[in-house]
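Remarks on the structure that follows.
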Amino acid sequence: MSFELVFFGGTGDLTWRKLMPALFQAWRHGKLPREGRILAVARDDWDDVRYRAWLQERLQEAESAKRPTADEFEQFAQQIHYLRMDLSIAADYDKLKGWLNQRQVDTTVMYLATSPHLFPTICQQLGASGLNHDKIRVVLEKPLGHDLASAQTINRAVGSVFTEQQALRIDHYLGKPSVQNLMALRFGNILFEPLWRRESIANIQITLAESLGVGTRGDFYDRTGALRDMIQNHALQLLTMVAMEPPPSADADAIRDEKLKVLKSLKPFDAHSVARDVVRGQYRHGVIDGQAVKGYQEEDKVPMGSHTETFVALRCEVQNWRWAGVPFYLRTGKRMADRHAEIVVNFRPTPHPIFPGAHAPNKLVIKLQPDDGLELHLLAAKGAISSVMSQPEPETLSSVSLDLDFDKAFPTDRVGAYERMLLDALAGRLNLFVRSDEQEQAWRWVEPILDAWRHDSQSLRPYAAGTWGPPAASALVARDGFARAEEG
Ligand code: BG6
């Protein structure tokens, strides 16, 4: 297959931190067709040679196993090119068109890794230059808008140039291998589906904890906050994957229709339920891995007195027959004790206990980070009897876990999230991309939270870096008689 992959924002953070390393891994794994060209577009007055040298240096920052050797980079770099463009100038799109017209390819993907306020301009200019024909797809990075109205403005602008099938909204959490396995577990096996409902499940906890702070992105983050950065997209997308009904087929729209239904079934918030069921926090200085770290307000480019949340925990419900009354707890934060992302499905206890002792009910843990895999916690008999002399006594049970380590099971086939998403975009596999109606519905649901916070500066709770967030977040779960996943 031949392709052209154009990165707008070719010298930006996302391009060198995530996209180019992912492409390099795809190249190393032999999955990136060699007849493809990658074009980085940016404002600097550079050429291919200069860009390649710059990129080679950047890629040295990758963890050692993912770093290209000099030899590897030289070969990989043959596919990489550079074009200087000012994205607001129409003539520059003709330059791009000229470059693309040098050859006929099977597919062209325009990846918009720029600030989203440029998306409408870029799309309009692409359309005006005729760069929106049916062999072209456009990938839109998050954040897609700041609220419902701005997301709709972007979607309208994109939609006036590209069809829904051509516009791929990326949520890289959907590319994580465990999320694929959640689909496989639920819809490729008969075992879980009968139990996957309110009668057997007590609660579901989705945790996306990071130990990193806001790093160099202080200005962006301060305008964004954890609700927009992680909950509106990543956490809600994971929730849809857990809660959706079995789709009639594995087609992209069949899956996305079901995900949309879940988003529409989420119980709406009002000011009262926001105060009761949503906790927001901001990190203060603390210690992580033995190192002292700054508080949020001391971070670069963050204004003193900022009210931006770096932590959110909330309790929500999916109002339908399958899930009525089952709490879903979503949680995310920066500068937490550990980098740790997982979905925990806590089952109900057995209806009638016959073994002595208090036993933790079954739980299924879908681990996303740092390692991915599935763990099923079961109770088992040890088979040990204390003494033949003692009175016959009932067996006591212990908790064991059935551990599926996908790295061991499929050692050669694993691909990272961005690698997967980029290869899917080139191949036109849309299953893992978010449709505009899903994305707008997610905004519709979080907006009452943003509104409530706008009128309340009191509810932001401090937490020390290196902890699991404000105690009120644990209280949210404890109030229902459950324990938080990290603590339970
Ligand atoms: C991004 C957020 O979407 O996801 C970042 O903007 C966050 O703030 C990142 O750090 C987390 O992704 P991952 O894959 O490293 O967990």
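Everything numeric in this text was worked out from a predicted model, so none of it was measured. In each ligand, atom 1 is the first atom listed, and ligand 1 is the first ligand listed.
Ion pairing of Glu438 with Lys264 is absent here, as no side-chain N (NZ or NE/NH1/NH2) approaches a carboxylate O to less than 4.0 Å.
At a threshold of 4.5 Å between non-hydrogen side-chain atoms, the residues Arg420 and Gln180 count as touching. Contact annotation: the side chain of Asp222 never approaches that of Lys301 to less than 4.5 Å [non-hydrogen atoms, C-beta and beyond]. Two residues are said to be in side-chain contact when any heavy atoms from C-beta on lie closer than 4.5 Å; Leu126 and Leu96 meet this criterion. Using a 4.5 Å heavy-atom cutoff, the side chains of Asn181 and Ile366 are not in contact. At a threshold of 4.5 Å between non-hydrogen side-chain atoms, the residues Arg461 and Gln282 do not count as touching.
For atom 8 (O) of ligand 1, the closest heavy atom belonging to the protein is Arg217 NH2, 2.4 Å. Distance from atom 16 (O) of ligand 1 to its nearest protein heavy atom, with residue and atom name: Tyr173 OH, 2.5 Å.
With ligand atoms numbered from 1 in the order given, ligand 1 contributes 13 (P), 14 (O), 16 (O) to contacts under 4.0 Å with heavy atoms of Lys176. Numbered from 1 in the order shown, with element, the atoms of ligand 1 that lie under 4.0 Å from a heavy atom of Asp229 read 2 (C), 5 (C), 6 (O), 8 (O). Close approach of ligand 1 to Lys142 (heavy-atom distance below 4.0 Å) involves ligand atoms 1 (C), 2 (C), 3 (O), 6 (O). If you number the atoms of ligand 1 from 1 as listed, the ones under 4.0 Å from a heavy atom of His172 come out as 3 (O), 4 (O), 12 (O), 13 (P), 14 (O). The contact set between ligand 1 and Lys18, taken as ligand atoms under 4.0 Å from a residue heavy atom, comprises 15 (O). Taking every heavy atom of Gln369 and a limit of under 4.0 angstrom, the matching atoms of ligand 1 come to 13 (P), 14 (O), 16 (O).
Under the rule for a side-chain hydrogen bond (donor to acceptor under 3.5 Å, both in side chains), the partners of Lys176 that lie at least two apart in sequence or sit in another chain are Gln369.
Side chains of Gln25 and Tyr418: no donor on one and acceptor on the other come within 3.5 Å.
The closest heavy-atom contact to atom 11 (C) of ligand 1, among the options Glu210, His234, Arg339, Lys334, comes from Glu210.
Using a 4.0 Å cutoff on heavy atoms, Arg228 does not count as a contact of ligand 1.
Not a single N or O atom of Tyr221, backbone or side chain, sits closer than 3.5 Å to an N or O atom of ligand 1.
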